Peer 1: 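I have a structure I would like to understand better, so I am pasting it below and will then ask my questions one at a time.
All figures in this text were calculated on a predicted structure; none of them were measured in a lab.
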Amino acid sequence: MDLLRFLEAGLSEPFMKMLLWNNQVWQLAHGYTHLDDRRIDDFTEAELLRLAKEHIAEFSYVGFTETFADDARVVLKALGIPKPKEMPVSNAIPMRPRAAEQPLEVKAMLDKLTELDRQLYDYAWKQFSVARRKKNGGWWRWG
């Protein structure tokens with residue numbers, strides 16, 4: 001199965017959808033290990049996004065890729081863990097194809113699979129961005 005067919009399965013095959021389709025929203029809204037047996041298709045898109053936003057607001061800290069170094073410093077300090085001389089890097093593969101290198105069909109499919117995730121990210125960025133944290137005078141519990 002090529003990449004496009006794999007991604008398409010994330011829209012049509014129930015098991016693959018649970019793993020691929022808007023996975024960050026799914027995990028924050030309900031996730032795999034919830035005590036009830038509801039599945040991703042038991043929710044509307046609006047309900048999933050609403051629940052994800054509600055649950056992310058319960059976090060004491062929300063970090064971002066763009067602010068990783070600052071976020072790591074703050075979290076490690078709050079936990080009383082000394083910052084390592086060099087932050088470990090995981091999931092970085094030099095030979096990994098970049099999104100810009102993908103065919104248009106693959107990019108379009110990725111957009112379909114992550115629409116709610118991107119909406120959640122935009123919401124979180126507006127709620128928890130570095131500028132707002134500094135403006136509110138603290139790093140914890142905004143809102």
Peer 1: So if you build clusters from Ile, Leu, Val, Met, Phe, Trp, Tyr with side-chain heavy-atom gaps below 4.5 Å, do Leu79 and Val74 land together?
Peer 2: yes
Peer 1: I'd like to check Asp111 versus Arg118 (side-chain heavy atoms, cut-off strictly below 4.5 Å). Are they in contact?
Peer 2: yes
Peer 1: More than 12 heavy atoms of other residues, nucleotides or ligands under 6.0 Å from CZ of Arg50: yes or no?
Peer 2: yes
Peer 1: Can you check whether Leu51 reaches Leu28 side chain to side chain, under 4.5 Å on heavy atoms?
Peer 2: no
Peer 1: So, Glu115 and Lys112, do they make that salt bridge, N to O below 4.0 Å?
Peer 2: no
Peer 1: Val25 and Asp117: which non-hydrogen atoms are nearest, and at how many Å?
Peer 2: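 The pair with the smallest heavy-atom distance is N-OD1, 2.9 Å.
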Peer 1: Would you compute the distance between atom NE2 of His55 and atom CD of Gln27 and round it to the nearest 0.5 angstrom?
Peer 2: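 The distance works out to 12.5 Å.
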Peer 1: If two hydrophobic side chains count as joined below 4.5 Å and joins carry through other members, does Phe15 share a cluster with Phe6?
Peer 2: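 Same cluster.
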Peer 1: Let me know which of Asp41, Leu11, Asn22, Asn23 forms a side-chain contact (heavy atoms from CB on, under 4.5 Å) with Lys17.
Peer 2: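 The residue from Asp41, Leu11, Asn22, Asn23 that satisfies side-chain contact (heavy atoms from CB on, under 4.5 Å) with Lys17 turns out to be Asp41.
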Peer 1: With heavy-atom distances below 4.5 Å as the criterion, would you say the side chains of Gln102 and Leu3 are in contact?
Peer 2: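 Yes; the side chains approach each other to less than 4.5 Å.
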Peer 1: CD/Glu45 to CD/Gln119 distance, rounded to the nearest 0.5 angstrom?
Peer 2: 8.5 Å
Peer 1: Please identify each residue that fulfils side chain to side chain contact (heavy atoms under 4.5 Å, CB included) with Pro84, with sequence neighbours left out.
Peer 2: Leu76, Met87, Pro88
Peer 1: Measuring only between side-chain heavy atoms, which start at C-beta, is Phe128 closer than 4.5 Å to Ile56?
Peer 2: yes
Peer 1: To the nearest 0.5 Å, tell me how far Glu13 CD sits from Met18 CE.
Peer 2: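 Glu13 atom CD to Met18 atom CE measures 12.5 Å (nearest 0.5 Å).
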Peer 1: To the nearest 0.5 Å, what is the distance between CG on Leu7 and CG on Leu110?
Peer 2: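 Those atoms lie 5.0 Å apart.
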Peer 1: Just so I know, are the side chains of Trp21 and Leu116 near enough to count as touching, which here means a heavy-atom distance under 4.5 Å?
Peer 2: yes
Peer 1: For Thr67, run the side-chain hydrogen bond (donor to acceptor under 3.5 Å, both in side chains) check against Thr65, Asp70, Asp71 and tell me which one passes.
Peer 2: Asp71
Peer 1: Spell out, as yes or no, whether a donor-acceptor pair under 3.5 Å connects the side chain of Asp42 to the backbone of Arg39.
Peer 2: yes
Peer 1: Let me confirm one number: the CE-CD distance from Met109 to Glu8, rounded to the nearest 0.5 Å.
Peer 2: 4.5 Å
Peer 1: Determine, using ring centers only, whether Phe64 and Tyr121 are less than 6.0 Å apart.
Peer 2: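 Yes, close enough.
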Peer 1: Looking at Glu47, is its backbone amide N or carbonyl O close enough to the side chain of Thr44 to form a donor-acceptor pair, meaning the two atoms are under 3.5 Å apart?
Peer 2: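 Such a contact is found between Thr44 side chain and Glu47 backbone.
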Peer 1: Closest heavy-atom contact between Arg38 and Trp26?
Peer 2: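 Scanning both residues, the minimum pair turns out to be O-CH2, 4.0 Å.
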Peer 1: Mind listing the closest non-hydrogen atom pair of Ala29 and Leu48 along with its distance?
Peer 2: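 Nearest pair, atom of Ala29 first, then Leu48: CB-O, 3.4 Å.
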Peer 1: Please check if the number of heavy atoms outside Lys77 that lie under 6.0 Å from its NZ is greater than 12.
Peer 2: no
Peer 1: I'd like to know if Leu104 and Val106 are part of one continuous hydrophobic network [Ile/Leu/Val/Met/Phe/Trp/Tyr, side-chain heavy atoms within less than 4.5 Å].
Peer 2: no
